[in-house]
Amino acid sequence: MFFNLNPFRSQAPCTLCARSGGGLCTLCRAHLQASLTLEKPLCRCGLPTPGVAAASLCGRCLRRPPPFSATYSQWRYDFPVDRLINAYKHRGRLHLERALLSLAEPAPGPWPEADLVCPLPAHWRRRLWRGFDQAERFARHLGQSWRQPVVPLLRRRHASQHQQGLSQTQRQRNLRDAFIADPRAHGQRVLLIDDVMTSGGSARAASHALLNAGALEVRVWVLARTLQGRV
Ligand SMILES: [Zn+2]
Ligand SMILES: [Zn+2]
């Protein structure tokens, strides 16, 4: 298996195996679906809770329930999805975006009752560095295919430091009040869109901001969920 990262080919071959397929070929699609789909039931935080009744919380969420009421995750964050996402984030290959999103659930989407989809914004410095904000691009794409309006209701208050290498307490302190929500969140059921959920800290902080602004309910959609943080 190798990665074809050449963006200039007009007939894009499969991103994972270079067979023809435009984004992802049928074989790679089947492989991803079979090996990286998270097994249900899932906790509110998106982690599998094997052996327990549906709709029950994992140990971590029992101790500290998330403010959002569900997490929809397309895949487990693992090879090769991790490589695809990193290549996309750091090198901005937009044909990878097509490949990554080509398996997202079709209309009406995971939460048809949502009033809108809202990207969880990257910090402007990172956006400037990359030249794009992946959550915003995902939200636009998904809103279109789910036929739900895309309303960017959040912005970052200040530079949150890179989260890697920080303790959980430092992360939480860092993230507290990290987001400002637009008053238009009032009375809305908001589906937050992000690329990867790791600790769920950003999703918690963003959801708090939206709920404080009067949102009725917040759920989260991520392309991939890491299994670290599982209790
Ligand atoms: Zn392939
Ligand atoms: Zn949980």
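Remember, it's 1-based here, ligands and their atoms both numbered in the order they're listed.
The backbone N or O of Val218 sits nowhere less than 3.5 Å from a side-chain atom of Ser207 that would complete a donor-acceptor pair. At least one donor-acceptor pair under 3.5 Å links the side chain of Arg225 to the backbone N or O of Thr198. Counting only distance, with no hydrogens or angles, the side chain of Asp115 and the backbone of Gln188 share no donor-acceptor pair below 3.5 Å.
Glu97 has a carboxylate O that lies under 4.0 Å from a charged side-chain N of Arg137, or vice versa, which qualifies the two as a salt bridge.
Looking at heavy atoms from C-beta onward, Pro48 lies out of side-chain contact with Pro41 at the 4.5 angstrom threshold.
Residues that satisfy the side-chain contact (heavy atoms from CB on, under 4.5 Å) test with Gln144, not counting sequence neighbours, are absent from this structure. When the side-chain contact (heavy atoms from CB on, under 4.5 Å) test is applied to Ser145, no partner is found at least two apart in sequence or on another chain.
If you count the protein N, O or S atoms nearer to the Zn ion (ligand 1) than 2.8 Å, you get 4.
The aromatic rings of Trp221 and Trp146 lie perpendicular to each other, with more than 60° between the two planes, well past the 30° mark.
Checked against Leu153 for a side chain to side chain contact (heavy atoms under 4.5 Å, CB included), the options Leu116, Leu192, Ile180 give a single hit: Leu116.
Neighbouring protein atoms of the Zn ion (ligand 2) (N, O or S, distance under 2.8 Å, waters ignored): Cys43 SG, Cys45 SG, Cys58 SG, Cys61 SG.
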